[in-house]
Amino acid sequence: MVKRNLVQSTRSIYLGLACLSLTLHLLLACFCLSVLQTACTPPASSTSSSIPRTDPQSRQSFSSPAASSSDKLPSGLQKANAFDPDREKALRTETDEEKTQPRPENLKQRVKGHSKLEELFSHPLYNLPRPPMQQDDWLLRVKADEDGGDEGSEEEEKEDFLPHDSECHTCRQSTSQEEGYDETTWTSDKETHPPWLRFHLGISRWELYDRKDSNLAQLTHYLATQPILRAVQKTGGTQLKLLITFPNYGQALLKPLRQSREAETDTNLFYFSDFERHNAEIAAFHLDRVLGFNRIPPVVGRLINVTSEVREITTDRRLAKTFFTSPAGNVCFYGQCEYYCSTENPVCGRPHMLEVSVATMLPDLSLAPRRSWRSPWRRAYSRTKLAQWETNPAYCDKVKQTPPYNHGTRLVDLIDMAVLDFLMSNMDRHHYETFESFGNQTFLLHLDNGRAFGRHSQDEPSILAPLRQCCRIRRSTLLRLRLLSLSDFGLSEVMRESLAQDPLAAVAPLLSEPHLSALDRRLAKVLAAVEICQEKHTDVIYDDLEEFDQNFEPQAV
């Protein structure tokens, strides 16, 4: 009898322990699920429409999103970045100072009353009919039938680049093993694509993005609000920049604040001796869009915590070793690069918060190779020597006889870029890039604009050398410049309104009033240079609007 009672008692104890264990496991699972959902909730999807090269350690895979987690990061990094709920909770805890900082979702400023920017974008010059898109006009695509078949619609061509639903079932199983990242649920349905993927699939032969695409707003919001999961220093270049990764495998290029927005470049500095400016990258994107080029990847401003969003999550040992606390109590770091990476030139938070620019990454080079071209009007980058174009007024005659400038639109594309650089006073345009798959029939990528907007009190006429020496410009570009010179719009006015939409505009204007006034002054000089050319030559205008019967003259507005 005693033995039977002992067995029954033991069974009761075991049963109780089993129930207790099951209850604890359920509570732990619910807690982990709530943390993951809080940290990794993406913005709502909308209909679809670097800048740089992506780091090989964290490339984004389009052709096979079902790749295993070991394909995303080396095993050493996976172990180093294993998800820790306690650590995640600590990173999400806000300090008193962070709570007083303006949040990205509350930073967007609405322009009251009449919107000159909306009126500008509704003008026919910004809504020109587009040529029918052909199969080869999309940058990224995968044919559904390798042996050939009926051509599908434009949307089908872009969607075929992704695996079908059956393939993504495996994708969800494999990627869910990598803690910290969102569960991958991308299918051929465009509604499931994250904003960065929709941006990549929307790149065409003629532009990086469609200005009217609703995904553009989704993308900028995404860049400004997504949690930063990884942060490493990007290799190459002369100054410090970081490659950051978001929970859904999206990446962006981060450039930190190095000097105040009001600080004007010292007149004794050479053009290659200045810091890159985070607000210049943001303003360049807005100016490129206002000019109707759409050739700069979307850039947005953001406030980050350098402690919780860089120092405590980085797997870059070389970067981690450069962090220190300044005598003023600010958290600083300087990284490792060719110039300005030392304790004498640190990047510092106040004490933790730091303004940065966040630029959308272009598709990986393995998927969309790019070709780098040396600009014919590249500067000598010497303190004593001058480039050939600076001493030879007839230099353009030689350029016009050299491929690829002897046919197609490459020369007027280069002059478009020169106009953009002159308006923002960027003297550092030594190279430019194009997508290889489009050959010579495509636009130029306007990348790396950090040295723009350095001086507002001085204009640099040498930047306009391609226009002055070649006396050639697109008709559509010239008409938009004339439109922006009218009092009904005004380049400075529409730029002020456009920049007010950036999250950092709530902290301080992205461009000071002297810089905005300089835009109007420089615009007048561009138009004056065109008039001088027209007095000397008869073939100044490259008419890219001849197929349209509509009158686009700005005076008719």
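Just so it is clear, the structure is predicted and the values come from calculations on it, not from any experiment. FYI, the numbering just counts along the sequence from 1.
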State, to 0.1 Å, how close Arg480 and Leu125 come at their nearest heavy-atom pair, and which atoms those are.
NH1-O, 3.6 Å

Less than 4.5 Å apart, any side-chain heavy atom of Phe246 and any of Trp196?
no

I need the Asp520 CG to Met495 CE distance, nearest 0.5 Å.
10.5 Å

Check whether any side-chain heavy atom of Asn294 lies under 4.5 Å from a side-chain heavy atom of Leu208, and answer yes or no.
no

Looking at Tyr334 and Pro346, what are the two nearest heavy atoms and their distance?
CB-CA, 4.2 Å

Judged by modelled atom types alone, do Arg429 and Asn449 share a side-chain donor-acceptor pair under 3.5 Å?
yes

If we ignore angles and hydrogens, is there a donor and acceptor under 3.5 Å between the side chains of Asn279 and Arg261?
no

If we ignore angles and hydrogens, is there a donor and acceptor under 3.5 Å between the side chains of Ser462 and Arg379?
yes

Counting N and O atoms only, with roles assigned by atom type, does the side chain of Glu281 sit under 3.5 Å from a partner on the main chain of Val299, one being a donor and the other an acceptor?
no

Could you tell me whether the side chain of Glu390 reaches within less than 4.5 Å of the side chain of Tyr395, counting heavy atoms only?
no

Can you see whether Ser115 engages Glu497 through a side-chain donor-acceptor pair at a distance of less than 3.5 angstrom?
yes

From Ser204 OG over to Asp137 CG, what is the distance, rounded to the nearest 0.5 angstrom?
7.0 Å

Give the minimum heavy-atom separation between Gly301 and Ile282, together with the two atoms involved.
CA-CD1, 3.5 Å

Given 3.5 Å as the limit, does a donor-acceptor pair link the side chain of Arg302 with the main chain of Leu223, or not?
yes

Given the rule in the side-chain contact (heavy atoms from CB on, under 4.5 Å) test, do His430 and Ser375 qualify, once you have shown the distances and angles that lead to the verdict?
CA-CA 6 Å; His430 44 84; Ser375 172; 6.0 Å; no

Could you check whether any side-chain N or O of Asn127 sits under 3.5 Å from a backbone N or O of His123, counting only pairs where one atom can act as donor and the other as acceptor?
yes

To the nearest 0.5 Å, tell me how far Thr322 OG1 sits from Phe333 CZ.
7.0 Å

For the pair Leu303 and Glu355, evaluate side-chain contact (heavy atoms from CB on, under 4.5 Å) and give the outcome as yes or no after the intermediate values.
CA-CA 5 Å; Leu303 281 171; Glu355 287 187 23; 3.7 Å; yes

Heavy atoms, side chains only, cut-off 4.5 Å: are Trp377 and Val399 in contact?
yes

Between the side chain of Thr391 and the main-chain N/O of Gln388, is any donor-acceptor distance below 3.5 Å?
yes

Quick check against the 3.5 Å criterion: does Ser122 have a side-chain atom that pairs as donor or acceptor with the backbone of Glu119?
yes

For His221, does its backbone N or O pair with a side-chain atom of Thr225 as donor and acceptor, under 3.5 Å?
yes

To check you understand the geometry: which heavy-atom pair defines the closest contact between Arg522 and His456, and what is its length?
NH2-CA, 3.9 Å

Could you grab the distance from atom CG of Leu128 to atom CG of Asp544, nearest 0.5 Å is fine?
8.0 Å

Has the side chain of Arg198 got a donor or acceptor atom that lies under 3.5 Å from a matching backbone atom of His193?
yes

Which heavy atom in Pro466 sits nearest to a heavy atom in Ile415, and how many Å separate them?
O-CD1, 3.9 Å

Take Val310 and Leu354 through the test side-chain contact (heavy atoms from CB on, under 4.5 Å) and record every step on the way to the result.
CA-CA 11 Å; Val310 180; Leu354 176 69; over 6 Å; no

Determine, for Phe121 and Arg211, whether the Lys NZ or Arg CZ falls below 6.0 Å from the six-membered ring centre while staying within 45 degrees of the axis.
yes

Side-chain heavy atoms of Arg370 within contact of Leu365, under 4.5 Å:
yes

Can any side-chain N or O of Asp288 pair as donor or acceptor with the backbone N or O of Arg295 at less than 3.5 Å?
yes

Taking NZ in Lys400 as the centre, count heavy atoms belonging to other residues, nucleotides or ligands within less than 6.0 Å. Is the count above 12?
yes

With rounding to the nearest 0.5 Å, note down the distance linking OG in Ser425 to CZ in Arg455.
7.5 Å

Main chain of Gln336, side chain of Gln233: is a donor-acceptor contact present, judged purely on distance under 3.5 Å?
yes

Yes or no on side-chain contact (heavy atoms from CB on, under 4.5 Å) for Leu140 and Ile203, after CA distance, side-chain angles and deciding distance?
CA-CA 8 Å; Leu140 299 177; Ile203 298 175; over 6 Å; no

Is any side-chain heavy atom of Glu276 closer than 4.5 Å to a side-chain heavy atom of Asp448?
yes

Mind checking whether Leu481 and Leu291 have side chains closer than 4.5 Å, heavy atoms only?
yes

Please check if the side chain of Thr360 supplies one atom and the backbone of Pro297 the other of a donor-acceptor pair under 3.5 Å.
no

Exercise: identify the closest heavy-atom pair between Cys470 and Leu411
SG-CD1, 4.0 Å

Any side-chain heavy-atom pair from Phe293 and Phe443 closer than 4.5 angstrom?
no

Working to the nearest 0.5 Å, report the span between CG of Asp413 and OG1 of Thr409.
4.0 Å

